[in-house]
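This report refers to the structure that appears directly beneath it.
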Amino acid sequence: MDEMALLKRADGPVTRSRLRRDLTALGLGGGDTVMFHTQMSAVGYVAGGAPTIVDALRDVVGERGTLMVTCGWNDAPPYDFTDWPPAWQDALRAEHPAYDPDLSEADHNNGRLPEALRRWPGAVRSRHPDASFAALGAGAAELMSDHPWDDPHGPGSPLARLVARGGRVLLLGAPLDTLTILHHAEALADAPGKRFVEYEQPILVDGERVWRRFRDIDSEDAAFDYSSLVPEGTWPFEVIAREALAAGIGNKGLVGAAESHVFDAADLVRFAVAWLERNLGGAS
C-alpha cells in the first residue's frame, strides 16, 4: 500500500502524540506491563515507522511500565532437518550458528515491531531460541529470566510472568488470531489430545555452541484438534477471542485507523483455559 493510501486511511499522518492519545483512550496507562502485536499497515502512515510506535507506547506506560513482544528466531533450523540426508544433517550440525539473544533476528513473520523492540537500548531477550520473547522497561529482566527450555509457553515462561504481573495484551491493528498469550492457555489446559513437538536447535552454553533438544506444545499447526469447534480455515484463537469479547473481556477502539484491542492477560487466559477444557472434554 502506498503512502497516500495510508495517509487517507487514517485521515493524515499517525504521529507519536496521536498514538499516545489513542492508546490512552483505549485504556492503557502508566505502570502497565503490555505485550503487543502490531499490523502497521492497518494503523495508517506512521510518521517515523516502528520506532514511533515504541516511543508512543513507552510514553503511555512510563518509566514504571514494561513492553513485551514475541520474537522467535528467524533463522532457526527447520524442525524437520533430521529427515534430511545424513550428509546434509552433518553439514548443518557442524556449522549452523547458535541462537544468540543479542544478535539473532526475530522471526520476520511477526512483523517489524519485535525486531525493533529487541534491538532497542536496554531491551532484554529471553534465552529460548524457538519461543523467545523480548521486553523493555522496569520489569524486563524479571519477565525474561530463566525462560524454561521445555514447555516454553507454560508455567515459568514469560507469558506466565506476564499474567502474574497483571499484564495486558494489546492488538494494535493486529488480527485476533495473533494472540500469542493463548498458547499459554493451551499449555495450561487439562484437555485430552494435546499435541507436542520435539526439535533440536543450537544454543550457546558458556560460550560454546551446543545442540539441545526441546519439547513444546505444537504452536505452529495447533496444540489440539479444533476441526469440530471452528470453521474450516479459521485459526481457533480468533474464535476464542471473539467469545471473550462477547463475554465482556477486553476493550476495543481505534488507534490511528486500526481497530485495536486490549485484554487483561489473566482474564483472557482464564477464559481460554475454561473454553478449551469445556469444548475439548477436559477438566470441568
Side-chain angles (χ1 to χ4, degrees), residues 37 39 50 68-120 123-135 143-160 174 177-184 186-187 192-227 232-237:
H37 306 265
Q39 183 173 307
M68 175 173 155
V69 290
T70 181
C71 288
W73 179 16
N74 191 66
D75 299 305
Y79 288 175
D80 64 354
F81 87 89
T82 51
D83 297 330
W84 293 359
W88 297 7
Q89 293 186 45
D90 291 345
L92 190 78
R93 289 185 184 280
E95 297 196 44
H96 195 293
Y99 167 74
D100 185 328
D102 294 328
L103 299 177
S104 299
E105 289 188 5
D107 189 338
H108 295 177
N109 291 323
N110 293 328
R112 294 171 56 189
L113 268 298
E115 180 67 6
L117 188 86
R118 74 114 194 141
R119 292 168 61 96
W120 207 274
V124 181
R125 190 176 184 184
S126 70
R127 69 181 184 177
H128 197 286
D130 195 64
S132 70
F133 296 84
L143 284 167
M144 297 297 108
S145 67
D146 298 327
H147 192 170
W149 295 123
D150 295 315
D151 198 15
H153 293 96
S157 69
L159 295 176
D177 62 13
T178 61
L179 280 165
T180 300
I181 190 70
L182 294 183
H183 288 312
H184 182 51
E186 290 180 318
K194 190 177 297 189
R195 299 165 172 170
F196 295 88
V197 291
E198 293 190 5
Y199 52 91
E200 296 178 69
Q201 292 183 347
I203 59 172
L204 293 171
V205 177
D206 297 327
E208 298 292 326
R209 187 174 66 94
V210 176
W211 283 85
R212 192 189 193 285
R213 192 165 186 85
F214 300 90
R215 188 172 190 268
D216 190 14
I217 57 170
D218 188 347
S219 61
E220 183 172 345
D221 293 327
F224 295 99
D225 179 1
Y226 292 102
S227 60
E232 185 176 356
T234 301
W235 187 247
F237 288 3

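- When atom types are taken as modelled, the side chain of Asp218 and the backbone of Asp221 share a donor-acceptor pair closer than 3.5 angstrom.
- Using a 4.5 Å heavy-atom cutoff, the side chains of Val205 and Ile203 are in contact.
- At least one donor-acceptor pair closer than 3.5 Å links the side chain of Asn74 to the backbone N or O of His108.
- In this structure the side chain of Arg93 reaches within 4.5 angstrom of the side chain of Trp211, judged on heavy atoms.
- Here the side chain of Lys194 pairs no donor or acceptor atom with the backbone of Ile217 at under 3.5 angstrom.
- Paired with Pro114 under the rule side-chain contact (heavy atoms from CB on, under 4.5 Å), one option of Asp107, Val69, Asn109 passes, and it is Val69.
- With sequence neighbours excluded, no residue satisfies side chain to side chain donor-acceptor pair (under 3.5 Å) with Thr234.
- Although no hydrogens or angles enter the test, the distance criterion places a donor-acceptor pair under 3.5 Å between the side chain of Ser157 and the main chain of Gly154.
- With sequence neighbours left out, Arg125 forms a salt bridge (charged side-chain N to carboxylate O under 4.0 Å, His left out) with no residue at all.
- Side-chain atoms of His96 do not come within 3.5 Å of backbone N or O of Ala91 as any donor-acceptor pair.
- Not counting sequence neighbours, the partners of Arg119 by the salt bridge (charged side-chain N to carboxylate O under 4.0 Å, His left out) test are Glu115.
- Geometrically, Arg127 engages Trp149 in a cation-pi contact, judged by NZ or CZ lying under 6.0 Å from the ring centre and within 45° of the ring axis.
- No side-chain heavy atom of Tyr99 sits less than 4.5 Å from a side-chain heavy atom of His128.
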Please test Tyr199 against Asp130 for side chain to side chain contact (heavy atoms under 4.5 Å, CB included), starting from the C-alpha separation and ending with a verdict. CA-CA 10 Å; Tyr199 52 91; Asp130 195 64; 3.3 Å; yes

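- Counting all heavy atoms, side chain and backbone alike, Leu143 lies closest to Met68 at CD1-SD, 4.2 Å.
- When atom types are taken as modelled, the side chain of Thr70 and the backbone of Phe133 share no donor-acceptor pair closer than 3.5 angstrom.
- For the salt bridge (charged side-chain N to carboxylate O under 4.0 Å, His left out) test, residues two or more places apart in sequence or in another chain that qualify with Asp150 are Arg212.
- Contacts of Arg209 classified as salt bridge (charged side-chain N to carboxylate O under 4.0 Å, His left out), with partners at least two apart in sequence or in another chain: none.
- Residues meeting the side chain to side chain donor-acceptor pair (under 3.5 Å) test with Asp225, sequence neighbours left out: Ser227.
- No side-chain heavy atom of Tyr79 sits under 4.5 Å from any side-chain heavy atom of Glu200.
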